[in-house]
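I have placed the structure first, in the form of structure tokens, so that the comments after it can refer back to it.
First listed ligand is number 1; within each ligand, the first listed atom is number 1. All residue numbers in this chain count up from 1 along the given sequence.
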Amino acid sequence: MKLSDQEMRHFVSCVRELRHSAPVQEMRAYRQHGATTTYDHCIRVAYASYFLAARLHLSVDWERLVRGAILHDLYLYDWHEKKSGRPRLHGFRHPGVALQNARRHYQLSPLEEDIIQNHMWPLTIRSLPKSREAAIVCLTDKICSLAETVRRKEGGNRRK
Ligand SMILES: [Fe+2]
Ligand SMILES: [Fe+2]
């Protein structure tokens with residue numbers, strides 16, 4: 001899963017501003033799956049979303065696709081720990097928390113809001129992705145989450 005040099009330059013230009021902002025950097029403090037931080041997960045989902053759209057020659061808003069993907073899990077707590085500000089039913093509620101945080105810190109477009117709010121479909125059955133970009137992130141989020149979980153299990157097995 002490798003972008004061409006030109007695609008990589010464009011991807012980096014899309015992530016640059018957000019990547020260095022404090023709320024996005026804060027995601028480095030939280031674990032997502034195994035050793036993967038929420039920050040690493042979001043960057044990975046952004047990269048995979050760009051890659052998928054590029055390889056399928058989809059017509060997308062590249063910058064908003066990448067920005068929405070980076071912000072999709074901006075819920076800013078450790079979901080493994082009950083006392084970290086985690087709401088009950090994290091799986092259902094964290095897209096709303098991420099959207100609130102993202103609105104507080106950034107100027108969001110409707111497309112970016114769609115990506116963040118609806119990335120957990122079909123778990124959140126009524127929160128359906130409404131755009132191509134949101135559907136892409138909804139899909140790549142699941143692929144990346146699965147890969148991160150499998151990697152954790154393999155790492156755990158190797159340590160035994
Ligand atoms: Fe999520
Ligand atoms: Fe995610």
Counterpart residues, salt bridge (charged side-chain N to carboxylate O under 4.0 Å, His left out), relative to Glu112 (two or more places apart):
Arg67

Below 30° counts as parallel, above 60° as perpendicular, anything between as tilted: where do the rings of Tyr77 and Tyr75 land?
tilted

Modelled atom types, side-chain donor and acceptor of [X] and [Y], under 3.5 Å:
{"X": "Tyr30", "Y": "Glu26", "answer": "yes"}
{"X": "His119", "Y": "His94", "answer": "yes"}
{"X": "Arg9", "Y": "Gln6", "answer": "no"}

Shell of protein N/O/S atoms around the Fe ion (ligand 2), taken as anything under 2.8 Å:
His41 NE2, His72 NE2, Asp73 OD2, Asp141 OD1

Expected output: side-chain Tyr47 to main-chain Phe11 donor-acceptor under 3.5 Å
no

